[in-house]
Amino acid sequence: MRQFLKTILANIGLSVFRVKVTYSAQARAAIASGKCVIHANHVSLLDGVIVALASPAPLVFAVDTDFSRRSRIARFGLSALSKAGFGAVVPLDASAPFGMRALKRVLAQGGNVMVFPEGRISPNGSRQTDMPGLNWLARSTGADLVEVVISGAEESKLFARAGSKLWPKITLRFGEFSA
């Protein structure tokens, strides 16, 4: 029953945010089997929510400490997604190793982790330079990597930095896979 409600909630959320999702067969299989690091470009505040709703399995999200602990709205939203079964949050601080160690433990236990390797939301929607944590995490755990490409969310006036549309169409492509 809980899975049914979660599916209904995910479908409603993706419809409300006008998100079209596609999966490669390899990406879907890797996420379903676990011990996978999903990584995506970061273009809006909505990115984590839509990836959580679209993922075929719960994810543990690496989230900036300031955002996950100091923003009341973010804390409420992240807590609601977690309680609904879409995953959990690990606060990540570039100056301390605790968050990366927690993500490493999740992968060692067969869980899936979601990171935005750019470490910040793009100011203009274009891909930024990745921080080194993604490659370290994959190398040190032997986890599979699945790339998600987010398009359209950078156009949102409500959720992106340089958006010009009130409610743009968004696409998520769970695609590139590497072991």
Report the C-alpha distance between R28 and F174 in whole Å, list the side-chain angles of each, state the deciding distance to 0.1 Å, and finish with yes or no for side chain to side chain contact (heavy atoms under 4.5 Å, CB included). CA-CA 8 Å; R28 188 182 283 277; F174 285 76; over 6 Å; no
Minimum heavy-atom separation for R120 to Q128, with atom names? NH2-CB, 3.8 Å
Roughly how far apart are K157 NZ and S44 OG, rounded to 0.5 Å? 15.5 Å
By side-chain contact (heavy atoms from CB on, under 4.5 Å), A57 pairs with (sequence neighbours left out) I31, N112
OG/S140 to CG/N135 distance, rounded to the nearest 0.5 angstrom? 10.5 Å
Any idea which heavy atoms bring A54 and L14 closest together, and the distance? CA-CD1, 4.1 Å
Shortest non-hydrogen contact between A27 and G175, atoms and distance: CB-O, 3.7 Å
Report the distance from atom CG of L134 to atom CG of L145, rounding to the nearest 0.5 Å. 5.5 Å
Could you check whether any side-chain heavy atom of K104 comes within less than 4.5 Å of a side-chain heavy atom of W136, counting everything from C-beta outward? yes
Check A30 against D144 and note the closest heavy-atom contact, atom names and distance. CB-OD2, 4.4 Å
How are the rings of F159 and F17 set relative to one another: parallel (under 30°), tilted (30 to 60°) or perpendicular (over 60°)? perpendicular
Kindly say whether W167 contributes a backbone atom to a donor-acceptor pair with the side chain of R18 at under 3.5 angstrom? yes
In one Ile/Leu/Val/Met/Phe/Trp/Tyr side-chain cluster, 4.5 Å: I12, L172: yes
Heavy atoms of F116 and A40 approach each other most closely as CD2-O, 3.5 Å
In chain order, what residues pass the side-chain contact (heavy atoms from CB on, under 4.5 Å) check against K165, with sequence neighbours excluded? E155, P168
In Å, rounded to the nearest 0.5 Å, how long is the span from CD1 of I121 to CG of L46? 10.0 Å
If you measure from CG on L9 to CG on L53, what distance do you get to the nearest 0.5 Å? 6.5 Å
Within the side chain of K35, is there an N or O that forms a donor-acceptor pair under 3.5 Å with the backbone of G142? no
Check G119 against M131 and note the closest heavy-atom contact, atom names and distance. CA-SD, 3.8 Å
Atom CG in L107, atom CG in L137: separation rounded to 0.5 Å? 5.0 Å
Check for me, please, whether L158 and I170 land in the same ILVMFWY cluster - side-chain distances under 4.5 Å, paths through other members count. yes
Are any side-chain N or O atoms of N11 and backbone N or O atoms of I8, one a donor and one an acceptor, separated by less than 3.5 Å? no
Would a distance-only check, ignoring hydrogens and angles, find a side-chain to backbone donor-acceptor pair under 3.5 Å from N41 to I150? yes
